[in-house]
Amino acid sequence: MSWAFLRDLLSGVNKYSTGIGRIWVAVVFMFRLLVYVAAAENIWKHEHDEFECNIKQPGCENVCFDHFFPVSHIRLWALQLIMVSTPSLLVVFHVAYRENREKHHNQKLYRNPGKIDGGLLCTYLISLILKTGLEIVFLVLFYKLYDGFKIPRLVKCDIKPCPNTVDCYISKPTEKMIFLYFLVATSCLCIVLNLSELSYLIFKYSIKCYLKRDMKKQQ
């Protein structure tokens, strides 16, 4: 899979982000996207082929693998990366709308089309809420699908067509668990960054509105 579009998206978002937002972009790009492309993808590459059960009953191994891994960790991680980055498109589109509006009217309508104020502030806040919500949804999904953030070395399966309870072994469980913990840690870090940026923007513009109101009263 080519991740060039996601890289370009993150580069575009970086132009219109606050300081905390730029840290978020760096974390997503360096500690999530690059780790996925450089290492994690290869670790789960042959997970089905390397899943072994101590029985040769036709279909048993496939059914057990499907039961314990309904969705591949790595594919779910890829989907999470795409989904949590997508709300940032709202900000990019809003800035593009401002720029096109200026071109259409052939005059300067904004001090800076990329400045986070007015309608763009609302769009930015919505994107932060969506990103935070999606991160939480995927963490809960991971937890529910795999019964916690762990990868066992051995799983016992008694699903038909297996004739009895069989032992199935997962390849490289320790290495996979390390990357899974890394995934959860970086996802939690992104949630903290999003909430910090959300709080910062709300506090900043609440103070700004209060000062404007106070000045009007004094006048």
Side-chain angles (χ1 to χ4, degrees), residues 1-14 17-52 64-91 127-155 157 168-199:
M1 181 183 288
S2 173
W3 291 95
F5 78 98
L6 191 55
R7 181 199 61 205
D8 295 339
L9 168 61
L10 293 174
S11 298
V13 171
N14 199 46
S17 299
T18 64
I20 301 173
R22 291 190 178 95
I23 296 172
W24 178 86
V25 171
V27 169
V28 171
F29 184 74
M30 294 182 66
F31 297 108
R32 298 181 77 172
L33 182 57
L34 288 183
V35 168
Y36 178 94
V37 173
E41 195 172 22
N42 291 325
I43 293 170
W44 273 272
K45 194 173 184 179
H46 304 291
E47 59 180 326
H48 185 273
D49 296 336
E50 295 171 349
F51 182 83
E52 295 181 354
C64 291
F65 182 84
D66 182 66
H67 175 73
F68 290 107
F69 299 100
V71 182
S72 169
H73 282 83
I74 203 67
R75 291 187 182 93
L76 197 57
W77 192 0
L79 182 61
Q80 182 183 14
L81 270 172
I82 293 168
M83 293 300 291
V84 299
S85 302
T86 300
S88 299
L89 279 172
L90 294 173
V91 178
S127 74
L128 286 173
I129 293 168
L130 287 174
K131 284 190 288 187
T132 305
L134 287 167
E135 291 280 16
I136 294 170
V137 165
F138 273 97
L139 284 178
V140 172
L141 192 59
F142 266 101
Y143 190 87
K144 292 288 185 182
L145 278 175
Y146 306 115
D147 194 25
F149 301 116
K150 61 183 184 296
I151 298 179
R153 297 176 183 274
L154 168 70
V155 290
C157 180
C168 296
Y169 300 90
I170 299 168
S171 65
K172 298 175 282 189
T174 303
E175 190 175 21
K176 287 178 179 177
M177 191 141 56
I178 289 169
F179 273 93
L180 183 59
Y181 286 158
F182 184 82
L183 174 147
V184 173
T186 51
S187 186
C188 290
L189 176 59
C190 286
I191 291 172
V192 171
L193 289 171
N194 286 332
L195 291 176
S196 298
E197 190 174 16
L198 189 65
S199 303

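Both backbone and side-chain heavy atoms feed into the values below; hydrogens, waters and symmetry mates do not.
- Annotation for Tyr143: atom OH does not count as buried by contact number, only 12 or fewer foreign heavy atoms lying within 6.0 Å.
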* Asked: How far apart are the C-alpha atoms of Ile151 and Ile170, what are their side-chain angles, what is the distance that settles it, and do they pass the side-chain contact (heavy atoms from CB on, under 4.5 Å) test?
  -> CA-CA 8 Å; Ile151 298 179; Ile170 299 168; 4.0 Å; yes

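- Ring geometry for Phe69 versus Phe65: interplanar angle of 30 to 60°, hence tilted.
- Residue-environment remark: CE (Met177) exceeds the threshold of 12 foreign heavy atoms within 6.0 Å.
- The only member of Lys176, Arg153, His48, Glu52 that meets side chain to side chain contact (heavy atoms under 4.5 Å, CB included) when paired with Ser171 is Lys176.
- The closest side-chain heavy-atom distance from Thr86 to Leu134 is not below 4.5 Å.
- Summarising the local packing, CZ of Phe31 is surrounded by 12 or fewer heavy atoms from other residues, nucleotides or ligands at distances under 6.0 Å.
- Among Leu195, Ile20, Leu198, the one residue that satisfies the side chain to side chain contact (heavy atoms under 4.5 Å, CB included) test with Leu128 is Leu198.
- Residues Ile74 and Phe179 have side chains not in contact (no heavy-atom distance under 4.5 Å, counting atoms from C-beta outward).
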* To do: For the pair Leu79 and Val71, evaluate side-chain contact (heavy atoms from CB on, under 4.5 Å) and give the outcome as yes or no after the intermediate values.
  => CA-CA 11 Å; Leu79 182 61; Val71 182; over 6 Å; no

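- Disulfide status for Cys64 with Cys157: present, SG atoms under 2.5 Å apart.
- Atom SG of Cys190 and atom CD1 of Ile23 lie 11.0 Å apart (nearest 0.5 Å).
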* Let me see the working for Val35 and Thr186 under side-chain contact (heavy atoms from CB on, under 4.5 Å), right down to the final yes or no. => CA-CA 11 Å; Val35 168; Thr186 51; over 6 Å; no

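- The minimum heavy-atom distance linking Lys150 with Leu180 is given by the pair N-CD2, 3.9 Å.
- Side-chain contact between Phe142 and Val184 is absent, with no heavy atoms from C-beta onward closer than 4.5 Å.
- Expressed to the nearest 0.5 Å, how far CD1 of Ile136 lies from SG of Cys188 amounts to 9.5 Å.
- Without hydrogens or angle criteria, Ser85 side chain to Ile82 main chain gives no donor-acceptor distance under 3.5 Å.
- For the atom pair CH2 (Trp44) and CD (Glu50), the distance works out to 12.0 Å, reported to the nearest 0.5 Å.
- Annotation: side chain of Gln80 is not in contact with side chain of Leu141 (no heavy-atom distance under 4.5 Å).
- Under the side-chain contact (heavy atoms from CB on, under 4.5 Å) criterion, Leu189 pairs with Val27, Leu193, not counting sequence neighbours.
- The distance from the OH atom of Tyr36 to the CZ atom of Phe182 is 14.5 Å, given to the nearest 0.5 Å.
- Annotation: Tyr146 is in aromatic contact with His73 [ring centroid separation under 6.0 Å].
- Here the straight-line distance linking atom CG of Leu81 with atom CZ of Phe138 works out to 9.5 Å at 0.5 Å rounding.
- Between Arg32 and Glu135 there is a salt bridge, with a side-chain nitrogen of the basic residue lying less than 4.0 Å from a carboxylate oxygen of the acidic one.
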